[in-house]
Amino acid sequence: MTQMLPFINEQFDWPIWRMEIDNINSTLFVELRNSDDKKVAFGAVSLLNGKVYFKDVTTPERWLTGIEAAYDGVLLVHNYQSANGPIHKGLIAIEGISGQALWSNYTLAFDHLSANGPMVYNSQIQPKKLFLVDMKTGELLRAHQPVIDTPLYNHIVVPQMLPAELLKELPLPAEPYANTLHYLEHNSCRIVSLHTFFQEKIKQHLYIINSEGVIVYRDLLNSNIQKLQPEAFVIHKNNLIYLKERSALIVLNL
């Protein structure tokens, strides 16, 4: 029996292809992709109070776009140079609560996220030179300074993949397929994800076990998949975050 309840349980209309967390204000952004109609939308949910800020924000480019980064209450998205390659081109900044576009620049490209904000460069100029950009205005503030523009620590922890026999003492109700588990310990909880194989179907499960060895939460993450899935969940601060059937966002407070 489930003894924990989700803090956030939000169903989206399309599959979630990517998630990005703004570490400063704990907003989780999602990238939704409708492959049949070739449309992309973006959503935002607060990890602090569970409020859904928006679920269906789009950009002028409806398909060749995606999440780049999130910082200080702003989502940064990119376009693609072409439909046939992975090269990113252009940036659009979206305000994280209203979903309104703040600025766009189709000559800039994103390089990485530093502790002071995003580092970008002019894609039309070689050699590449990095600049710190103001997320609210798009203004280039100064050149990249490696000593102070250190990588941003995002507080995201991912599970380990372990052989099932290392955790054979856990009270798991199902036999792990392929003899592997995703495993993480957090705040006296032991979190396990595993796959099962029955009647030619692969399913993915999640279990949370308390310090007394009791399963206090369980869920079926994927009910009919063709292959083993990668990391089933992540921890951000004290939030356990996972997707259910690709299109539902679930968050629990641990």
Side-chain angles (χ1 to χ4, degrees), residues 16-31 40 42-49 53-54 57 59-61 64-82 85-160 184 186 230-231 233-241 251:
I16 298 171
W17 282 68
R18 176 170 174 170
M19 296 187 291
E20 193 76 23
I21 297 174
D22 179 352
N23 195 59
I24 293 177
N25 59 17
S26 295
T27 299
L28 187 149
F29 295 95
V30 295
E31 175 185 321
V40 176
F42 304 98
V45 180
S46 172
L47 293 176
L48 298 177
N49 56 31
Y53 294 134
F54 54 84
V57 166
T59 66
E61 171 52 61
L64 300 179
T65 184
I67 286 179
E68 197 71 92
Y71 184 84
D72 196 18
V74 180
L75 174 66
L76 202 61
V77 305
H78 65 85
N79 289 347
Y80 286 98
Q81 186 168 302
S82 75
I87 299 176
H88 296 181
K89 179 182 179 182
L91 294 173
I92 300 174
I94 298 172
E95 205 277 324
I97 294 179
S98 68
Q100 298 297 312
L102 296 176
W103 57 269
S104 61
N105 188 314
Y106 294 98
T107 63
L108 293 180
F110 175 82
D111 188 82
H112 71 277
L113 191 59
S114 78
N116 295 311
M119 292 295 160
V120 302
Y121 62 94
N122 189 324
S123 59
Q124 298 175 339
I125 298 176
Q126 295 294 333
K128 180 170 67 175
K129 185 175 182 180
L130 299 182
F131 291 89
L132 176 68
V133 68
D134 188 315
M135 280 289 270
K136 303 295 177 63
T137 67
E139 177 187 359
L140 299 182
L141 299 176
R142 57 170 171 79
H144 176 229
Q145 300 180 29
V147 174
I148 61 174
D149 294 325
T150 54
L152 178 67
Y153 178 57
N154 58 20
H155 292 90
I156 294 175
V157 182
V158 300
Q160 295 177 280
L184 186 62
H186 185 81
E231 296 160 358
F233 61 90
V234 298
I235 297 287
H236 177 261
K237 299 179 180 178
N238 290 323
N239 296 126
L240 170 65
I241 304 167
V251 181

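The minimum heavy-atom distance between L91 and A109, with the atom names listed, is CD1-C, 4.1 Å. Of all the heavy atoms in L240 and F233, the pair that sits closest is CD1-CD1, 3.4 Å. Across I92 and S104, no two heavy atoms sit closer than the pair CG1-CB, 3.9 Å. Nearest heavy-atom pair across F29 and F54 is CE2-CZ, 4.2 Å. Nearest heavy atom pair, residue S82 against residue L64, reads C-CD1, 4.2 Å. When all heavy atoms of A44 and T27 are compared, the pair lying nearest together is CB-CG2, 4.1 Å.
In this structure a side-chain-to-backbone donor-acceptor pair under 3.5 Å is present from E95 to I97.
Defined by atom type and a distance below 3.5 Å, a donor-acceptor pair is missing between the side-chain atoms of H236 and N154. Side chain to side chain, N116 and S114 fail the donor-acceptor criterion of an N or O pair below 3.5 Å.
Between I67 and W17 there is no side-chain heavy-atom pair separated by less than 4.5 Å. In this structure, L108 and F131 have side chains that are not in contact, with every pair of non-hydrogen atoms separated by 4.5 Å or more. Put simply, the side chain of Y71 does not reach to within 4.5 Å of the side chain of N23, judged on heavy atoms. Side-chain contact between N122 and K129: absent, with no pair of heavy atoms (C-beta onward) separated by less than 4.5 Å. Between V74 and D72 there is no side-chain heavy-atom pair separated by less than 4.5 Å. When side chains are defined from C-beta on, D149 counts as touching R142, because their heavy atoms get closer than 4.5 Å. For the pair P151/H112, no side-chain contact is recorded, criterion being any heavy-atom separation below 4.5 Å from C-beta on. A heavy-atom distance below 4.5 Å is found between the side chains of K128 and D111.
Going from atom CD1 of I87 over to atom NE2 of H78 covers 12.5 Å, rounded to the nearest 0.5 Å. Here CD1 of I125 is found 8.0 Å from OG1 of T107. Values are rounded to the nearest 0.5 Å. Taken to the nearest 0.5 Å, the CG atom of N239 stands 8.5 Å off from the NE2 atom of H186. One finds the CE atom of M135 at 8.5 Å from the CD1 atom of I24 (value rounded to the nearest 0.5 Å). Note that the CD atom of E231 and the CG atom of L184 stand 10.0 Å from one another [nearest 0.5 Å]. The structure places CD1 of I21 at 11.0 Å from NE2 of H155, a figure rounded to the nearest 0.5 Å.
With L140 as reference, V133 is the one residue of L132, N105, D134, V133 to meet the side-chain contact (heavy atoms from CB on, under 4.5 Å) rule.
Ring-centre distance between H88 and Y80: below the 6.0 Å cut-off.
Shown here is K237, whose NZ atom has more than 12 heavy atoms of other residues, nucleotides or ligands within 6.0 Å. Heavy-atom neighbours of Q160 CD from other residues, nucleotides or ligands within 6.0 Å: at or below the threshold of 12.
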One pair to check against side-chain contact (heavy atoms from CB on, under 4.5 Å): V77 and E68. What are the steps and the verdict? CA-CA 5 Å; V77 305; E68 197 71 92; 5.7 Å; no
